[in-house]
4 protein chains.
Amino acid sequence: MSDITLASEITVEEIQHAGDDAMIAHAAMVSTRGGAAHVPDPPEEKISGLIRFLMANRHGTPFEHGSLTVRVHAPIKVWREWHRHRVGWSYNEESGRYKDLEPVFYVPPRERPMIRPDGFKSARPAFDFADKDQYELVRMHLEAGYRTAYLHYQAMLEMGVDRGLARDVLGVGIYSACYCTANPRGIMAFLSLRTYEPGAKFPSRPLHEIEVAARKLETIFASHWPVTHKEFCENGRVAP
Amino acid sequence: MSDITLASEITVEEIQHAGDDAMIAHAAMVSTRGGAAHVPDPPEEKISGLIRFLMANRHGTPFEHGSLTVRVHAPIKVWREWHRHRVGWSYNEESGRYKDLEPVFYVPPRERPMIRPDGFKSARPAFDFADKDQYELVRMHLEAGYRTAYLHYQAMLEMGVDRGLARDVLGVGIYSACYCTANPRGIMAFLSLRTYEPGAKFPSRPLHEIEVAARKLETIFASHWPVTHKEFCENGRVAP
Amino acid sequence: MSDITLASEITVEEIQHAGDDAMIAHAAMVSTRGGAAHVPDPPEEKISGLIRFLMANRHGTPFEHGSLTVRVHAPIKVWREWHRHRVGWSYNEESGRYKDLEPVFYVPPRERPMIRPDGFKSARPAFDFADKDQYELVRMHLEAGYRTAYLHYQAMLEMGVDRGLARDVLGVGIYSACYCTANPRGIMAFLSLRTYEPGAKFPSRPLHEIEVAARKLETIFASHWPVTHKEFCENGRVAP
Amino acid sequence: MSDITLASEITVEEIQHAGDDAMIAHAAMVSTRGGAAHVPDPPEEKISGLIRFLMANRHGTPFEHGSLTVRVHAPIKVWREWHRHRVGWSYNEESGRYKDLEPVFYVPPRERPMIRPDGFKSARPAFDFADKDQYELVRMHLEAGYRTAYLHYQAMLEMGVDRGLARDVLGVGIYSACYCTANPRGIMAFLSLRTYEPGAKFPSRPLHEIEVAARKLETIFASHWPVTHKEFCENGRVAP
């Protein structure tokens, strides 16, 4: 029997992309330009000004003419939230029915805030850092729970039990891989809900682990659509 | 500390609905009728004939003018699949971040096929029944795994750990409640993938537990849209 | 040959609906309540408070558990804009291929602002009222154009020309009937873009005729979801 | 006053794309491969076999991990149909409110079938070719209708009338430009409905002009996803 692996990293790997800020400008400018043919890119300051206008006035559709595919390795609990983003997002994930799940389980890194403070409010969750003992205890509880569950899982697989049933015992901290494709508008809707920025127009308090993934996605997004990303931030991180 | 509860039932409770077969006919007939006003329902045989034609020719949009809301209590592993249905479906589910999860966990009923036969093929999964000993052993493995995990979960909650972290140890067999709203077209797309019918045009081999839910949903669906349901079945269960 | 009819009214007729404010509260409350069964409606003040919170914090999904179907008679130019609302909206419209189109054409009512003022800005369009002569002239131009086009249309139909080709000559002011079904979230997204309210957080300058339809839809919407509608308005008409 | 231009061509210009057949295979293979990292492309015959399997069994989601943006110049009547494709499609179109529309109008080419045969059936429309006189007459009717309408349009614009009102007189044969972005799954759903193939599993009888556009789109699509396109055709042109 193989033993379990504990991991704290959540990876977001860029796979492919199409589009840039200029493409968003082209899509927007067709409304007043028309004509039978695509034209060369407008100058940069025109692109910036137009994207700022679109963002401020919530003209969202031009931000759909692009695409980014990433491969993400994250605990199932992250997928539980991520897959609720239905519009402008596509997914293909590892299956617990068609393969034996690898025993890679999530434990929080030391710097993950995790202890409820006095006066904790569910509607606006924020956490303190664990002290060293608390942290070790949390790791121990998670590890022990994961390991026991995994032993039962393996035992059931050896009996020939349906993987789709045996996996019921495995915690939502187990890792799963997923390909995700989205357009810039969908990505911004995701970022606005899955990152915490005190200065945002509608601050959100996401689960720590999905925010880690969202921040990595945001870096990739900003590298391909720097103007769009900048205006998204300056506009209070409201998805257009 | 509270002990865990084992459950085998998956419930689908009707909450509200709008629409019927006649409404689908009205929506379809507007294409050739036009006019400034809604008219009385057509006779039943006209409704049947029209719905048969729409289904056979995959005219899907008329089947979107209706709505069914159900409340479902099912293991998380079922939600993992159900929530992948993005189009024509809406969801609100119990949160593992905002509440302590109740210790209700899924164990299969005696009649759930679960043992891989000789010559098992992943791409077309089918299972044998467990014998009595096998069944008891599976229940034991699940129960033991669930119980251990739940003890660790409780211990972490008592330490004041973020529920969104502590729950990582809980298996995907834990129950969760969700409100789901869909239109008839979305429901049929779901049924075509989440039920197994040997005579279907594209037979699907769904996870047992989502099929149990799908069958209950199908009964409610058929009660409100009997003609649509009948033609769906006679047309090889291909969603229009 | 039949002559044309001029019309200025745009009608929005309620056909069916499901859901109310309480249903939205139920869907939201499942996140912290869970449990195996639906429960009785919460008291009114709880519903109000909860909907206010959801709206202010842009928790949108609970507003998807409802449905409204309307039958709308409006010029094609209105459909050109309306059908761009893809999410949470379903449509079935009269066909120009499968039926001879009825010669009902739109002319603006006297009170429709229509003359560009000095200093007109495309990006924020607002219009002055026409004086009596201007108004008559506009009507005359529209009527003459519609009538000529319709004569050519009829002549082509009599030649046996494909309706889907003959109709190319008919102006986008011709009326067309459509069944539309949407959930409250989709309706609010539509209202936020298709009505002009100076006090809105993101004021929009819609086409006059789609705003007329939107206002009628809003009245029906407000009658079934009065609390949701009130909080939508008080929250700057931003769809959650 | 400018005169009108008659055009018969519908153009579909490729603007950008992401993805290929191998990417679809990667997305599908994650279900049985899992793991923390993207791997090199599988060999070609494996890609082919896998795509054939996905298509035959209607596993649609892997076909969403790609993107194609085209710029299309087509009559408004084509957009009236195209924009009804909501899922996996994004649009930005020329505006009749924010710009004066250019007087480019559609007339059918000589080879466009257009005369209803004896025994014509609306539900399965097919047309004969026009003879020379018929064709000239149709062109004359269209041209005359377009020209008259455009004169009225220009007269209203000169009066300072709202473009969004003046354009009501312009026929749906006027050209409009639009950027469209879709993924392979959305493209196949479009092609299955907007092309006529007698051998298709669900033969469709589309409007001639949207089929012209669809065929050009299909050529671009096939150039980037040749295996997917081949299997789509061999599988009866049913979108997965």
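All values derive from a computational prediction rather than experimental measurement. Chain A is the first sequence line, chain B the second, and so forth, proteins listed ahead of strands; every chain is numbered from 1. Both backbone and side-chain heavy atoms feed into the values below; hydrogens, waters and symmetry mates do not.
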Greatest number of non-hydrogen atom pairs under 4.5 angstrom with chain A, of B/P117, B/A149, B/P108, B/P75, falls to B/P108

With respect to chain B, which residue among A/G145, A/P113, A/A166, A/S95 yields the maximal number of heavy-atom pairs within a distance under 4.5 Å?
A/G145

Interatomic distance, CD@A/E81 vs NE2@B/H83, rounded to 0.5 Å, equals 12.0 Å

What is the minimum heavy-atom distance between B/Q134 and A/M159, and which atoms define it?
O-CE, 3.6 Å

Determine the option with the most heavy-atom pairs under 4.5 angstrom with chain A, choosing from B/Y153, B/F120, B/Y98.
B/Y98

Answer with side chain, backbone, both or neither: which region of B/L170 has an atom nearer than 4.5 Å to a non-hydrogen atom of chain A?
backbone

Mind listing the closest non-hydrogen atom pair of A/K77 and B/G164 along with its distance?
NZ-O, 2.9 Å

State, to 0.1 Å, how close B/H141 and A/A155 come at their nearest heavy-atom pair, and which atoms those are.
CE1-CB, 3.3 Å

Top residue by heavy-atom pair count (under 4.5 Å) with chain A, among B/V87, B/L165, B/I115, B/T148?
B/L165

Could you report the tightest heavy-atom contact between A/V172 and B/V172, atom names first, then the distance?
CG1-CG1, 3.8 Å

Top of B/R86, B/M156, B/M140 for chain A proximity - count of heavy-atom pairs under 4.5 angstrom
B/R86

Checking heavy atoms, do the side chain of B/Y91, its backbone, both or neither come under 4.5 Å from chain A?
both

Give the minimum heavy-atom separation between A/R80 and B/S176, together with the two atoms involved.
NH2-OG, 4.4 Å

Within the 4.5 Å heavy-atom criterion, are B/D168 and A/Y146 side-chain neighbours or not?
yes

Checking side-chain contact (heavy atoms from CB on, under 4.5 Å) between B/S122 and each of A/R163, A/R97, A/K99, which is the one that passes?
A/R163

Where does A/R167 contact chain B at under 4.5 Å (heavy atoms): side chain, backbone, both or neither?
both

Interface check, chain A: of B/R112, B/H208, B/E209, most non-hydrogen pairs under 4.5 Å belong to B/R112

